Amino acid sequence: MNKTAKIYIAGHTGMVGSAILRQLQADGFKNIVVRNSKELNLIHQEAVRDFFEVEKPDYVFLAAAKVGGIQANNTFRAEFLYDNLMMASNVIHASYEYNVTKLLFLGSSCIYPKFANQPIEESSMLTGALEPTNEPYAIAKIAGVKLCENYRRQYGCDFISVMPTNLYGPNDNFDLKTSHVLPALLRKFHEAKEADSPTVEVWGTGTPKREFLHVDDLASACCFLMEQYSDGAPINVGTGTDLSIKELAEIIKEIVGFKGSIVWNSNKPDGTPRKLLDVSKIHDLGWRHQIELVSGIESVYKTRFIPT
Ligand code: GFB
């Protein structure tokens with residue numbers, strides 16, 4: 001990408017899109033195009049086509065998506081399937097119609113089977129049943145991967161798919177009903193400390209294991225892959241290390257300085273038992289994450305909860 005190439009970031013107000021925008025700006029890209037969801041509703045095919053007709057971007061980062069934690073995925077199942085299918089279809093098809101030089105589609109580690117061998121290789125997609133709580137989201141993301149793969153096969157489009165592990169960072173969602181575990185626990189422990197509560201409720205059994213990547217590392221990987229990777233197969237992005245939800249809760253409790261105890265609510269779902277990504281493919285290309293988990297969580301906690 002040269003510094004004056006026109007780059008469209010779909011979803012620039014979200015956690016991932018805003019991190020990609022910061023990274024591109026820091027790297028000196030001068031011609032970045034964005035629209036918020038009021039200006040351009042990506043679910044509407046005609047609106048997307050009109051936007052591409054006017055702007056004709058050279059590069060597209062497709063980070064727009066309806067996302068959420070385990071409960072949001074399991075509750076808003078129709079929207080997670082429909083909205084994500086429509087956004088991916090409309091943007092990928094318009095990118096083909098308007099000759100985009102390269103497109104990067106953001107998927108998710110939940111595209112892999114619930115009981116995939118660990119660490120999860122890219123080739124395990126579609127080899128087994130999905131985790132039921134996020135099956136609609138996963139199906140939409142698998143469709144996005146397959147759109148990229150097949151527009152490449154049929155038309156030679158340089159469309160790639162990137163599968164990040166669980167993410168956290170600036171601009172995360174801290175709503176306790178719809179967020180992912182890491183922002184939820186930061187907020188729960190912080191509010192419990194402020195209120196002098198004796199306990200904090202954490203969902204599930206604490207035994208599932210997750211891998212967490214700071215979104216600034218994902219943004220750096222996306223910019224790297226836009227330059228270095230051209231293939232129909234998805235590529236994983238993660239740290240290569242995971243921990244149990246119990247261990248995560250203890251780390252966050254310590255960072256926040258909450259002195260009470262943790263109460264486990266096993267009426268809430270655990271989800272996939274483990275989803276550690278095999279990151280050897282991106283490591284072999286020369287990219288590694290930079291931000292370690294404890295310092296990453298500390299920085300999010302300070303920025304979001306500690307007044308300056
Ligand atoms: O982060 P999370 O919502 O998503 O939950 P998934 C991870 C684990 O943390 C589950 C537990 O075992 C939860 O039960 N957990 C404990 C909590 N306390 C909490 C809490 O207060 N809030 C939340 N949200 N979880 C999502 C998928 O799965 O991961 C998406 O549903 C997507 O589709 C995303 O793939 C990355 O890792 O289980």
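Only a predicted model underlies this, so the values are computations on that prediction, with no experimental measurement involved. All ligand and atom numbering here is 1-based and tracks the order in the structure.
A donor-acceptor pair under 3.5 Å links the side-chain atoms of K281 to the main chain of P234, judged by distance alone.
A ring-centre distance under 6.0 Å is not found for Y168 and H180. A distance below 6.0 Å separates the ring centres of F305 and F174. Residues F224 and Y229 keep their aromatic ring centres 6.0 Å or farther apart.
Residue I245 has no nitrogen or oxygen atom sitting less than 3.5 Å from a nitrogen or oxygen atom of ligand 1, judged on distance alone. In terms of N/O distances under 3.5 Å, ligand 1 is approached by P269. At least one N or O atom of W203 sits closer than 3.5 Å to an N or O atom of ligand 1. In terms of polar-atom proximity, I70 is counted as a contact of ligand 1, with an N or O under 3.5 Å from an N or O of the ligand.
Interface of S108 with ligand 1, defined as ligand atoms under 4.0 Å from a residue heavy atom, comprises 32 (C), 35 (O). Per-residue contacts place N73 under 4.0 angstrom from the following atoms of ligand 1 (heavy atoms of the residue considered): 27 (C), 30 (C), 31 (O), 33 (O). Near C110, the atoms of ligand 1 lying under 4.0 angstrom from a non-hydrogen atom of the residue are 33 (O), 35 (O). In summary, the atoms of ligand 1 found under 4.0 Å from a heavy atom of A184, numbered by their order in the structure, are 20 (C), 21 (O), 22 (N). Heavy-atom contacts of K188 reach the following atoms of ligand 1: 20 (C), 21 (O) (cutoff under 4.0 Å). The contact set between ligand 1 and Y137, taken as ligand atoms under 4.0 Å from a residue heavy atom, comprises 33 (O).
Among all non-hydrogen protein atoms, the one lying nearest atom 36 (C) of ligand 1 is N166 OD1, 3.4 Å. Shortest contact from atom 1 (O) of ligand 1 to any protein heavy atom: V181 N, 2.8 Å. At the top of the distance list for atom 27 (C) of ligand 1, counting protein heavy atoms only, stands N134 ND2, 3.2 Å.
Between atom 34 (C) of ligand 1 and the options E135, K177, H180, the minimum heavy-atom separation is to H180. Comparing heavy-atom distances from atom 37 (O) of ligand 1 across K268, R210, K141 singles out R210 as nearest. Between the choices P164, P273, P136, S179, the shortest heavy-atom distance to atom 24 (N) of ligand 1 belongs to S179.
Relative ring orientation between Y96 and H93 is described as tilted, the plane-to-plane angle lying within the 30° to 60° band. Ring geometry, F258 versus F189: the interplanar angle falls from 30° to 60°, so the pair is classed tilted.
The closest side-chain heavy-atom distance from Q228 to W287 is not below 4.5 Å. At least one side-chain heavy atom of N166 sits under 4.5 Å from a side-chain heavy atom of S109.
Ligand 1 has at least one atom lying under 4.0 Å from a heavy atom of D270. Under the 4.0 angstrom criterion for non-hydrogen atoms, K275 is in contact with ligand 1. Under the 4.0 angstrom criterion for non-hydrogen atoms, E201 is not in contact with ligand 1.
Here K3 does not pair with D27 in a salt bridge; the nearest charged N to carboxylate O distance is not below 4.0 Å. Residues K56 and E53 are paired through a salt bridge, judged by an N-O separation under 4.0 Å between the basic side chain and the carboxylate.
Residues L42 and A10 come closest through the heavy atom pair CD1-CB, 4.0 Å.
Within the structure, salt bridge (charged side-chain N to carboxylate O under 4.0 Å, His left out) contacts touching residues 260-277 (residues at least two apart or in different chains) are D242-R274.
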